[in-house]
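This is a predicted model, so every value here is computed, not measured. First the proteins, then the strands, lettered A, B, ... as listed; each starts at 1.
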Number of protein chains: 2
Amino acid sequence: MTVTIYDVAREAKVSMATVSRVLNGTAVVKDETKRRVLDAIERLGYRPNAVARGLASKKTRTIGVIVPDVSAAFVAEVVRGIEDIATMYDYHIILKNSDAQLSREIDLVGTMWEKQVDGLIYMTNRLQKEHVDAFEQAQIPVVLCATEDPERRIPSVNIDSARAGRDAGQYLLSKGCKRVAFVTTEEGLSVLADRRGNGLAACTGFEQFIRIETGSGRYETALPKIRACLENNVIDGIVAATDELGLASIHAAQDAGLDVPRDVKVIAFDNTRLATMVRPEMTVIAQPMYDFGAVSMRLLTKLLLDEPVENYSVTLLHNIVERQST
Amino acid sequence: MTVTIYDVAREAKVSMATVSRVLNGTAVVKDETKRRVLDAIERLGYRPNAVARGLASKKTRTIGVIVPDVSAAFVAEVVRGIEDIATMYDYHIILKNSDAQLSREIDLVGTMWEKQVDGLIYMTNRLQKEHVDAFEQAQIPVVLCATEDPERRIPSVNIDSARAGRDAGQYLLSKGCKRVAFVTTEEGLSVLADRRGNGLAACTGFEQFIRIETGSGRYETALPKIRACLENNVIDGIVAATDELGLASIHAAQDAGLDVPRDVKVIAFDNTRLATMVRPEMTVIAQPMYDFGAVSMRLLTKLLLDEPVENYSVTLLHNIVERQST
DNA sequence: CTGTTAGCGCTTTCAT
DNA sequence: ATGAAAGCGCTAACAG
């Protein structure tokens with residue numbers, strides 16, 4: 001029924017080993033023999049069984065990808081980057097959503113272990129000791145993607161978030177803003193978001209700086225909260241932690257009778273497609289989302305192939321894209 | 001180094017078979033023995049090797065998911081639905097992007113075959129003979145997700161697209177629209193989009209009906225084309241094939257000096273988050289994106305577990321969500 | 001350059 | 001209720 005390497009060997013009148021060799025290019029095979037094997041493969045419609053291969057070689061060419069939620073625009077873009085590079089290096093990805101729940105995040109490492117993945121790309125809001133322990137126990141090479149390891153034990157790919165926050169602040173200052181708000185979901189939820197906020201807060205020159213916590217990152221719930229804040233505080237500049245919160249900020253300002261950008265300027269993080277499709281188009285601190293994924297995967301391949309690695313914690317560049325909201 | 005089932009057996013003073021039994025619940029094991037095994041597993045930190053399991057049992061508990069592009073909002077949501085249900089039934093998913101290229105779509109079936117996936121969830125714009133042949137050759141159970149098989153050979157999950165198109169038309173008629181445009185990427189690209197367009201075209205009562213083809217589905221490229229059309233035709237109602245095209249239509253209308261919804265009403269397909277975040281908020285034909293994925297995966301589990309299946313081509317319900325753009 | 005032979009770690013008869 | 005043993009389909013020494 002299923003055609004095996006043994007069938008091919010018989011058909012080509014060679015040994016399994018030789019078939020394996022032409023399949024994997026593990027050793028030189030005489031051209032004539034190679035042709036016979038290839039012919040047999042063709043004739044029988046043979047496909048190597050990756051599972052058997054994985055068992056024998058202890059390499060599955062499969063990468064585990066653990067993310068909070070693929071349906072988030074940012075994450076989906078990252079996953080696309082991961083998958084593209086994985087394909088390029090002939091790896092497959094197993095995708096799992098953690099919903100940012102610690103217990104699930106840890107569980108999933110175990111699951112990936114059972115699946116014998118060759119490596120792991122990991123996204124989480126806050127890396128904890130439990131994570132590192134899990135990685136260690138599973139003995140799987142891990143690359144943290146858009147996730148910081150304060151102690152730099154685990155290879156990672158990030159931008160300089162504090163600096164990005166500062167850049168946003170500097171930018172608003174240059175636009176004449178004095179009273180600035182940082183709109184974020186909730187302090188303590190995401191290390192990166194906090195770092196951005198702190199970078200922003202560190203800017204000197206603001207007359208006032210407040211944080212607006214929206215609880216969830218959802219547009220609908222954020223909008224009224226931001227609006228309330230805007231009605232109780234005179235604010236002329238906003239930095240939002242995500243595009244969605246940026247848009248909520250713009251609309252909240254408009255609802256409060258303010259003009260964007262005249263009365264209040266808004267700059268948001270991420271630069272998902274949303275930013276360019278709304279009016280006014282949003283000025284953003286653009287994050288290299290696709291590259292987060294692509295570079296993480298590339299770094300992981302280096303780890304797996306024992307290629308030399310110059311830098312185990314890669315810092316990607318961010319940049320400000322000026323549009324109409326400022 | 002790596003703990004195997006054999007080590008556990010030795011530690012618990014039983015045979016591998018018994019360990020396997022308690023692991024899989026394949027047969028009754030005396031409570032006392034079971035405890036010894038569980039203890040040994042705990043003590044040794046044993047994790048079953050899913051690859052070895054897969055080879056021995058010929059079941060990998062892995063599902064291949066082939067989509068055009070995860071980074072598209074619609075698709076990402078579908079994938080989330082698939083993954084959730086997969087997890088629920090203890091399956092894993094291998095994700096692949098095809099970029100809607102036929103050759104790649106076919107290739108990927110072969111790749112999934114090699115990976116010995118137990119089943120396949122497949123999304124494509126236009127199912128062709130090549131696809132069906134590939135499925136057949138690989139002998140993998142397939143469920144088509146948001147993808148129609150005109151000949152109903154392959155199980156699938158869809159909405160009634162023609163009817164959805166008609167509903168959109170009917171809705172615009174009820175709003176007093178007479179001169180309607182269908183904004184889509186390009187005829188012939190997507191069967192479902194075409195079907196919607198045809199359903200719409202079949203509505204009687206319009207004084208005029210035109211199609212606006214935008215080439216790509218991207219906001220940026222669509223906007224000027226739609227605007228040009230709107231300047232050369234008197235249009236008072238638009239049905240857009242996606243939210244992104246819907247938003248492009250709204251902005252194009254505004255740029256052409258028209259008010260939405262007063263002068264021209266816009267209704268779009270999909271209902272991604274975009275629709276609720278823009279102003280005016282978009283009226284949509286809501287698609288059950290998450291459910292496309294969830295139901296497809298559920299159907300696939302039925303196929304895999306030999307559960308009775310009432311209906312091999314499931315039709316999900318769509319509905320109109322009325323907002324400000326009409 | 002090619003063949004032989006052990007496994008890889010588990011499931012699954014078949015006995016007992 | 002438990003054990004023994006034969007594979008699953010392939011890779012990777014080791015010979016020759």
Side-chain angles (χ1 to χ4, degrees), chain A residues 1-38 40-41 44-62 90 110-111 113-118 138-139, chain B residues 1-38 40-41 44-62 90 110-111 113-118 138-139:
Chain A
M1 226 201 54
T2 56
V3 183
T4 74
I5 198 174
Y6 180 76
D7 300 319
V8 176
R10 196 157 31 86
E11 176 86 6
K13 300 187 199 320
V14 297
S15 71
M16 294 163 50
T18 302
V19 179
S20 178
R21 284 182 190 111
V22 342
L23 241 35
N24 302 302
T26 337
V28 194
V29 176
K30 210 202 303 178
D31 271 3
E32 143 75 7
T33 327
K34 186 184 287 186
R35 279 220 334 92
R36 282 221 314 281
V37 172
L38 260 15
I41 289 176
L44 300 178
Y46 168 74
R47 285 275 180 167
N49 180 326
V51 175
R53 234 177 202 179
L55 183 58
S57 68
K58 303 196 157 208
K59 291 194 170 346
T60 55
R61 303 211 69 82
T62 300
D90 196 27
T111 311
W113 178 9
E114 292 190 359
K115 293 295 276 184
Q116 309 293 120
V117 297
D118 292 343
Q139 300 250 56
Chain B
M1 225 200 55
T2 56
V3 183
T4 74
I5 199 174
Y6 180 76
D7 299 319
V8 175
R10 196 158 29 86
E11 176 85 5
K13 299 186 198 321
V14 297
S15 70
M16 294 163 50
T18 301
V19 178
S20 177
R21 284 182 190 111
V22 342
L23 239 36
N24 302 301
T26 336
V28 193
V29 177
K30 211 200 305 177
D31 272 2
E32 144 73 8
T33 329
K34 185 185 289 183
R35 280 217 337 90
R36 282 221 314 282
V37 172
L38 261 16
I41 288 176
L44 300 178
Y46 168 73
R47 286 273 180 169
N49 180 326
V51 175
R53 234 178 201 180
L55 183 58
S57 68
K58 305 198 156 207
K59 290 194 171 345
T60 55
R61 303 211 69 81
T62 301
D90 196 25
T111 312
W113 178 9
E114 292 191 359
K115 292 295 277 183
Q116 309 292 119
V117 297
D118 293 343
Q139 299 251 53

Short question: side chain of [X], backbone of [Y] - any donor-acceptor pair under 3.5 Å?
X: B:Arg36; Y: B:Ala12; value: yes
X: B:Arg53; Y: B:Thr60; value: no
X: B:Asn49; Y: B:Val51; value: yes

In whole angstrom, what separates [X]'s [atom1] from [N]'s [atom2]?
X: B:Lys13; N: D:dA4; atom1: NZ; atom2: P; answer: 14 Å
X: B:Lys115; N: D:dG9; atom1: NZ; atom2: C1'; answer: 15 Å
X: B:Leu55; N: D:dG7; atom1: CG; atom2: P; answer: 14 Å
X: B:Ile41; N: C:dG9; atom1: CD1; atom2: P; answer: 16 Å
X: B:Asn49; N: D:dC8; atom1: CG; atom2: P; answer: 18 Å
X: B:Lys59; N: C:dC10; atom1: NZ; atom2: P; answer: 19 Å
X: A:Arg36; N: C:dC1; atom1: CZ; atom2: C1'; answer: 12 Å
X: B:Arg10; N: D:dG3; atom1: CZ; atom2: P; answer: 14 Å

**Q.** Non-hydrogen side-chain atoms of A:Leu44 and A:Val8 separated by less than 4.5 Å
**A.**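 SC-SC contact between A:Leu44 and A:Val8 confirmed.
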Under 4.0 angstrom between [X] side-chain N/O and [N] OP1 or OP2:
X: B:Lys58; N: D:dG9; result: yes
X: A:Ser15; N: C:dG3; result: yes
X: A:Thr18; N: C:dC1; result: no

Q.
If you apply the rule salt bridge (Lys or Arg N to Asp or Glu O under 4.0 Å), what do you find for B:Arg61 with B:Asp90, and how did you get there?
A. CA-CA 7 Å; B:Arg61 303 211 69 81; B:Asp90 196 25; 3.8 Å; yes
Taking all non-hydrogen atoms of both residues, which atom of [X] and which atom of [Y] are closest, and how far apart?
X: A:Thr4; Y: A:Tyr46; answer: C-CE1, 3.5 Å
X: B:Met16; Y: B:Ala9; answer: N-CB, 3.6 Å
X: B:Glu11; Y: B:Ala40; answer: CG-CB, 3.6 Å
X: B:Thr2; Y: B:Asp7; answer: O-OD2, 3.7 Å
X: A:Val22; Y: A:Leu38; answer: CG2-CD1, 3.8 Å

(Q) What's the angle between the local helix axes at either end of the helix from C:dC1-D:dG16 to C:dT16-D:dA1, using five pairs per end and rounding to 10 degrees? (A) 30°
Q: Under 4.0 Å between any heavy atoms, over every strand shown, what does B:Val51 touch: base, sugar-phosphate, or nothing? Just pick one.
A: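 No contact at all - B:Val51 keeps every heavy atom at 4.0 Å or more from the nucleic acid.
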Q.
One character per nucleotide, please: for nucleotides 11-16 of chain D, 5' to 3', B when the base has a protein heavy atom closer than 4.0 Å, S when only the sugar-phosphate does, - otherwise.
A. BBB---
Q) So which of residues 27-35 of chain A are in contact with DNA chain D, with a heavy-atom cut-off of under 4.0 Å? A) none
**Q.** Test side chain to side chain contact (heavy atoms under 4.5 Å, CB included) applied to A:Ile41 and A:Leu23, step by step
**A.** CA-CA 10 Å; A:Ile41 289 176; A:Leu23 241 35; 3.6 Å; yes
Q) Any luck finding a side-chain donor-acceptor pair between A:Thr18 and A:Lys34 under 3.5 Å? A)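 No, because no side-chain N or O of A:Thr18 sits under 3.5 Å from a partner of the opposite role on A:Lys34.
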